[in-house]
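Contents: one structure, followed by commentary.
It should be emphasised that the depicted structure is a prediction, and the values quoted were computed from it without experimental measurement. Note on naming: letters A, B, ... go to the chains in the order of the sequence lines (proteins, then strands), and numbering restarts at 1 for each one.
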Amino acid sequence: MTELKKEEEKSLNFLEEIVEEDLKSGKYSSVLTRFPPEPNGYLHIGHAKSICLNFGLANKYGGKTNLRFDDTNPVTEETAFVESIKADIQWLGFQWANEFYASDYFEQLYEYAVTLIKKGLAYVDDSTSEEIAAQKGAPTEPGKRNQYADRSIGENLHLFAEMRAGKYKDGEKVLRAKLDMTSPNMHLRDPVMYRIRHAHHHRTGDQWRIFPMYDFAHGQSDSIEKITHSICTVEYIPHRPLYDWFIKELGIYPSHQYEFARLNLTYNVMSKRKLKQLVEDKHVTGWEDPRMITVSGLRRRGYTPEAIRDFCERVGVVKRESLIEMSLLEFCIREHLNKVALRRMVVFDPLKVVITNYPEGQTEMLNSEDNPEDPDTSQRQVPFSRELYVEQEDFMENPPKKFFRLAPGQMVRLKSAYIIKCDEVVKDDKGHVTELRCSYIPESRSGADTSGLKVQGTLHWVSVATAIGCEVRLYDRLFRVEDPSNEDGDFKDYINPASLVVVNHAFAEPALKTAQFEERYQFLRKGYFCLDRDTSEDKLIFNRTVTLKDGWARKV
RNA sequence: UGCCCGAUAGUAUAAUGGUAGUACGACAGAUUUUGGUUCUGUUUGUCUUGGUUCGAAUCCAGGUCGGGCAACCA
């Protein structure tokens, strides 16, 4: 009941409003959307937003979504990208109704072009691309039509057939729509419909020598599939009149295009071109580097599909451009991981603690909850003994006020174990603290504390004898400025030099010996982590997905 | 200075002519065997100038600012 009410109160975004209106008015009886990636790269979080939007909209109104690869440019597209894109969509939790390719429609598109030629609405142009660009004019200046626009329908038909047959070289001829060279909208100044490319296509092989441009493929593909709502980003707004014009002149199913603003994230770049540069210039290890905001990078970093979907839901859908704060994405992943991550203890920078009043050679197994957020949580056993490691940063010889950790004479609780008191600080000749000698309070054992003592701080720790050495990769934001694309000079100058810090020898509690790839962990007081695929038989490697919120660090 | 799109707290988003609300962030407090979580509170907003109206964030006009458009890319 409350759930239902909540649903009713939640306002619709502008696309949902359009869909509801169209359904209500009977313009459409059902919804069919599509996600149309070009298989020339990896999907990033901006694509994830589009995926959530297209699949989410159809899902909400009982419709379906097609996956359609926009593969009209053979020189940039590859089957390998098709596979990674499909894997990413499924990982995000969506399933398409049909898997289509724009290249499936090449024959039909060719027929459409012939139709337009016959209507006197398309012509073959022999100009070079430079000449065409020059004749197009400028936004403030009308373009001029050249003599090729006067070719007869018969000649155009003949030449276009020859283009298809492979009689001409790349760039020798194009097919253009005959629209309006004086239009204030540059896209309407006799746009190119077909160009010649003697290149191998990932699906049609060497069957075609001419390939349709985006504008002559996308709308018609939507129409062929009877897509009702074709959703794209705002940079396609000026293309919409063309989209509608082709559909109208061809007299085919009237799909409609709607636009929303693309996603931008602080401390990131979002264009495929820039992401590619990061990979090629080796600022990252590849498209799947955990610092990349690609879907595969986020996955390797430890982000969950649930968190990404939640994020895409929260950022909203509008037409105005925006720059979303990274903190929102971090909030989403923390919120999910807090509920599902197994709690474990790992010391990154060890400081040895000897419990002087604890018997030598003795080990006791202490219970600790796997997840305190879960009322039915399972427990694991953590070994406690005389020699332990705690974090270097959890000790200060001359602590400031409100430092609730170890300091000479100060007491702390060791998580799930005992309260200890720091009695003595051992240093080397250079004055560096090498060891703490502490005493424990036997009556203060977790779950059976009769000591009556109250301490402010609780530390994570591991037992020296049973600690597992492991590597921990600490990832941080890739850029040191909020909007690297908007800074002076090259965006790459603003890369965060500390975006990856490797801890080579961390010490983990023994329960992590059986760490699983699909499992998520919270290293107590450190953050959320997952196993990296570089893990081998003899070395565990963990990636930090995100830190814990740290109220203390902010104050100091 | 052509055409198109847009402008609500720091950020994002709602209010569809009638009380400017929500989330994230920040700050403060409570709880806590994670300085986490949870809970409570505080903070800050309708780009501007006119007009229409009993009443304008909302409608109209001018301005300002931001973004997009001149690939045989998508």
query: Which nucleotide in the list B:G35, B:A26, B:G2 gets nearest to the side chain of A:Lys549?
result: B:A26
Integer angstrom distance from the C1' of B:A15 to that of B:U8: 10 Å
- prompt: Tell me: NE2 of A:His239 to C1' of B:C73, nearest whole Å?
  reply: 10 Å
message: I want to know whether A:Phe529 and A:Phe542 have ring centres closer than 6.0 Å.
response: no
field: Closest nucleotide among B:G35, B:C69, B:U34 to the A:Pro238 side chain
entry: B:C69
message: Would you say the rings of A:Tyr123 and A:Tyr148 are close, in the sense that their centroids are separated by under 6.0 Å?
response: no
query: Any idea which of B:U33, B:A74, B:A12 is nearest the A:Thr458 side chain?
result: B:U33
message: Among residues 259-267 of chain A, which ones have heavy-atom contacts with RNA chain B below 4.0 Å?
response: none
message: Testing the 3.5 Å rule here: is there a donor-acceptor pair between the side chains of A:Gln257 and A:Glu259?
response: yes
Dot-bracket encoding of pairs in RNA chain B, which uses [ ] for pseudoknotted crossings and | for another strand, Watson-Crick or G-U under 3.5 angstrom: .((((((..((((....[..)))).(((((.......)))))....(((((..]....))))))))))).....
task: Would you state whether a donor and an acceptor, one from the side chain of A:Gln522 and one from the base of B:U34, lie under 3.5 Å apart?
output: yes
- prompt: Going by heavy atoms in the side chains, are A:Val124 and A:Ile117 under 4.5 Å from each other?
  reply: no
message: Taking only side-chain N and O atoms of A:Ser183, does any of them lie within less than 4.0 angstrom of OP1 or OP2 on B:C3?
response: no
task: Would you mind reporting whether A:Ser230 and A:Tyr243 have side-chain heavy atoms less than 4.5 Å apart?
output: yes
message: Taking B:U32 as the reference, what is the distance to B:C27 when you measure between their P atoms (whole Å, please)?
response: 23 Å
Under 4.0 angstrom between A:Arg320 side-chain N/O and B:C65 OP1 or OP2: no
- request: Using a 4.5 Å cut-off on heavy atoms from C-beta on, say whether the side chain of A:Gln522 contacts that of A:Leu548.
  value: yes
query: How long is the line joining CG of A:Leu188 and P of B:C4, in whole Å?
result: 13 Å
task: Name all residues meeting the side-chain contact (heavy atoms from CB on, under 4.5 Å) criterion together with A:Arg520; count only those two or more places apart in sequence or in a different chain, and write none if there are none.
output: A:Thr304, A:Leu337, A:Ala341, A:Cys530
query: Who passes side-chain contact (heavy atoms from CB on, under 4.5 Å) against A:Val317, sequence neighbours left out?
result: A:Asn13, A:Phe14, A:Leu15, A:Leu53, A:Phe260
query: Is the ring centre of A:Phe311 less than 6.0 Å from the ring centre of A:Tyr303?
result: no
- prompt: If you check every side-chain atom of A:Ile324, which of B:C72, B:A12, B:C24 has the closest atom?
  reply: B:A12
query: Does B:A12 have OP1 or OP2 sitting under 4.0 Å from an N or O in the side chain of A:Arg314?
result: no
- prompt: If you check every side-chain atom of A:Arg525, which of B:A70, B:G68, B:U34 has the closest atom?
  reply: B:U34
message: For A:Pro36 and A:Phe523, find the nucleotide of RNA chain B closest to each by heavy atoms; which residue's nucleotide sits nearer the 5' end?
response: A:Phe523
task: Look at the aromatic rings of A:Trp287 and A:Tyr42 and report parallel, tilted or perpendicular, splitting at 30° and 60°.
output: parallel
message: Which residues pass the ring pair (Phe, Tyr, Trp, His ring centres under 6.0 Å) test with A:Tyr267, not counting sequence neighbours?
response: none
task: Look at the aromatic rings of A:Tyr110 and A:Trp208 and report parallel, tilted or perpendicular, splitting at 30° and 60°.
output: tilted
is_close_aromatic(A:Phe246, A:Tyr112), centroid dist under 6.0 Å: no
- prompt: Taking NZ from A:Lys274 and P from B:C73, how many angstroms apart are they, rounded to a whole number?
  reply: 21 Å
message: Side chain of A:Asp550, heavy atoms from C-beta onward: which of B:G35, B:G25, B:G36 has the nearest atom to it?
response: B:G35
- line: Of the listed B:G35, B:U33, B:C72, the closest approach to the A:Ser446 side chain comes from B:U33
query: Residues from residues 413-420 of chain A sitting under 4.0 Å of RNA chain B, heavy atoms only?
result: A:Arg413, A:Lys415, A:Ser416
message: So, under a plain 3.5 Å distance rule, would you say the side chain of A:Glu325 forms a donor-acceptor pair with the base of B:G10?
response: yes
query: Could a donor-acceptor pair under 3.5 angstrom be found where the side chain of A:His187 meets the base of B:A71?
result: no
query: Does a side-chain N or O from A:Arg240 land closer than 4.0 Å to OP1 or OP2 of B:C4, or not?
result: no
message: When you compare the ring of A:Trp552 with the six-membered ring of B:G35's base, are the centres less than 5.5 Å apart and the planes under 30° from each other?
response: yes
query: Of all the nucleotides listed (B:A26, B:C72, B:A74), which has the minimum atom distance to the side chain of A:Thr72?
result: B:A74
query: In terms of side-chain heavy atoms of A:Pro184, which of B:U13, B:U34, B:G2 is nearest?
result: B:G2
